[in-house]
Amino acid sequence: MNFIFSPLFVTWKKTTNGSEPRLRGCIGTLEARLIISGFREYALTSALRDRRFPPIQPKEIPYLECTVSVLTNYESALNHLDWEVGKHGLIIEFTDPDYNTRRSATYLPEVPAHEGWTKIETIDSLMRKAGYNGVINDSLRKKLRVTRYQSTLYTMHYTDYASHVKSIRGTAPTINGAPIINGFKTNSNH
């Protein structure tokens, strides 16, 4: 049996009324983890413990899509501009000049492209994400240690998952004992 280890992230997005999917949770690790147990752990953590959002509720499940990201090809960037929007994820590390503390943050490769950011806007946003509240200028940007990486994404919407489960088990999955059909819980006790 082959065991595969990799850094990974799990992202949950919710779609309602045909709108653009909205982030509901995204947590992962930059340390290599056993893929199967890592995805299981981070799927739950990102769904229930992302501090930016309330925990995902059972009634939201039919509207969710889950993306798992396998992170690869880590390499040191020559400088803060040595990466491509839409291709590279970034890890920045720096010393906060105001408090002499180490700060770091990451964005997955799809974030800057989705937000429509330039390289500078991405770097500045990462510095804020890392907790830096001071003045951002080119001198400070040039002091960043930047690691770039790539990711392979796999996304599945709940309806695709339900179809898959039904094809294997012969019955669709249930939430709190009730089957979900076209996004609605059905109740057999009319």
Side-chain angles (χ1 to χ4, degrees), residues 4-72 85-91 104-117 121-122 125-126 128-131 149-190:
I4 300 172
F5 292 82
S6 180
L8 54 93
F9 273 75
V10 177
T11 304
W12 292 99
K13 291 184 179 179
K14 181 178 175 182
T15 305
T16 52
N17 301 326
S19 65
E20 176 83 14
R22 294 180 51 185
L23 186 64
R24 278 296 277 116
C26 181
I27 295 180
T29 179
L30 297 171
E31 296 179 14
R33 297 287 307 267
L34 184 61
I35 291 281
I36 299 297
S37 60
F39 281 138
R40 185 181 307 121
E41 175 184 348
Y42 284 98
L44 288 171
T45 300
S46 64
L48 304 174
R49 295 194 269 298
D50 187 328
R51 292 177 289 179
R52 299 171 293 176
F53 305 98
I56 290 174
Q57 299 299 307
K59 67 183 178 185
E60 295 179 272
I61 292 172
Y63 307 102
L64 295 176
E65 67 180 32
C66 182
T67 300
V68 294
S69 303
V70 178
L71 311 184
T72 60
V85 173
K87 178 179 180 179
H88 294 109
L90 300 174
I91 303 166
S104 65
T106 190
Y107 277 142
L108 295 172
E110 59 272 16
V111 172
H114 181 265
E115 296 297 328
W117 291 336
E121 290 169 328
T122 301
S125 178
L126 270 172
R128 295 294 184 219
K129 182 180 180 185
Y149 59 88
Q150 296 177 40
S151 68
T152 302
L153 307 177
Y154 302 92
T155 300
M156 182 176 274
H157 191 277
Y158 175 80
T159 54
D160 298 323
Y161 166 76
S163 296
H164 176 73
V165 169
K166 186 173 183 178
S167 73
I168 292 173
R169 296 184 189 160
T171 180
T174 62
I175 298 173
N176 293 337
I180 304 294
I181 299 174
N182 294 329
F184 298 97
K185 281 175 71 168
T186 60
N187 186 345
S188 56
N189 301 330
H190 295 340

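Given the structure is predicted, the values throughout are model-derived calculations rather than measurements.
Summarising the geometry, atom OG belonging to Ser6 is positioned 11.0 Å from atom CG belonging to Leu34; distances are rounded to the nearest 0.5 Å. Between atom OH of residue Tyr161 and atom CD1 of residue Ile61 there is a gap of 9.0 Å, rounded to the nearest 0.5 Å. Between atom OH of residue Tyr149 and atom CG of residue Leu108 there is a gap of 4.5 Å, rounded to the nearest 0.5 Å. Expressed to the nearest 0.5 Å, how far NZ of Lys14 lies from CG of Leu64 amounts to 7.5 Å. Separating the CD atom in Glu60 from the OG1 atom in Thr15 is a distance of 11.5 Å, to the nearest 0.5 Å. With rounding to the nearest 0.5 Å, the separation of CD in Glu110 from CZ in Phe9 is 10.0 Å.
Side-chain atoms of Pro21 and Glu65, non-hydrogen and from C-beta on, do get closer than 4.5 Å to each other. Considering only heavy atoms from C-beta on, Leu153 stays 4.5 Å or farther from Val68 through its side chain. Residues Trp12 and Thr67 have side chains not in contact (no heavy-atom distance under 4.5 Å, counting atoms from C-beta outward). Residues Val10 and Ser46 form a side-chain contact, since some pair of their non-hydrogen atoms from C-beta on lies under 4.5 Å apart. Within the 4.5 Å cutoff, the side chain of Tyr107 has no heavy atoms near those of the Ile91 side chain.
Considering every non-hydrogen atom in both Cys26 and Arg52, the closest pair reads O-NH2, 3.2 Å. For the residue pair Pro173 and Tyr158, the shortest heavy atom distance occurs at CG-OH, 3.5 Å. Nearest heavy-atom pair, Thr106 versus Lys129, reported as atom, atom and distance to 0.1 Å: O-NZ, 2.6 Å. Here the closest heavy-atom approach between residue Ser151 and residue Ser69 is recorded as CB-CB, 4.4 Å. Closest approach of Leu8 and Phe39 over heavy atoms only: CB-CE2, 3.6 Å. Nearest approach of Trp117 to Thr122, heavy atoms of both residues: CB-OG1, 3.4 Å.
Thr45 places a side-chain N or O within donor-acceptor distance of the main-chain N or O of Glu41, the cut-off being under 3.5 Å.
Within 6.0 Å of atom CD1 in Ile168, more than 12 heavy atoms from other residues, nucleotides or ligands are found, so the atom counts as buried in its surroundings. No more than 12 heavy atoms of other residues, nucleotides or ligands shown are found within 6.0 angstrom of CZ on Arg22. Shown here is Phe53, whose CZ atom has more than 12 heavy atoms of other residues, nucleotides or ligands within 6.0 Å. Atom CZ of Arg169 sits in a sparse spot, with 12 or fewer heavy atoms from other residues, nucleotides or ligands closer than 6.0 Å.
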Exercise. Going through the distances and angles, do Lys13 and Glu20 end up as a salt bridge (Lys or Arg N to Asp or Glu O under 4.0 Å)?
Worked result: CA-CA 9 Å; Lys13 291 184 179 179; Glu20 176 83 14; 6.0 Å; no
For this session: Evaluate the criterion side-chain contact (heavy atoms from CB on, under 4.5 Å) for residue pair Leu30 and Leu71; output intermediate values, then yes/no.
Result: CA-CA 8 Å; Leu30 297 171; Leu71 311 184; 3.8 Å; yes
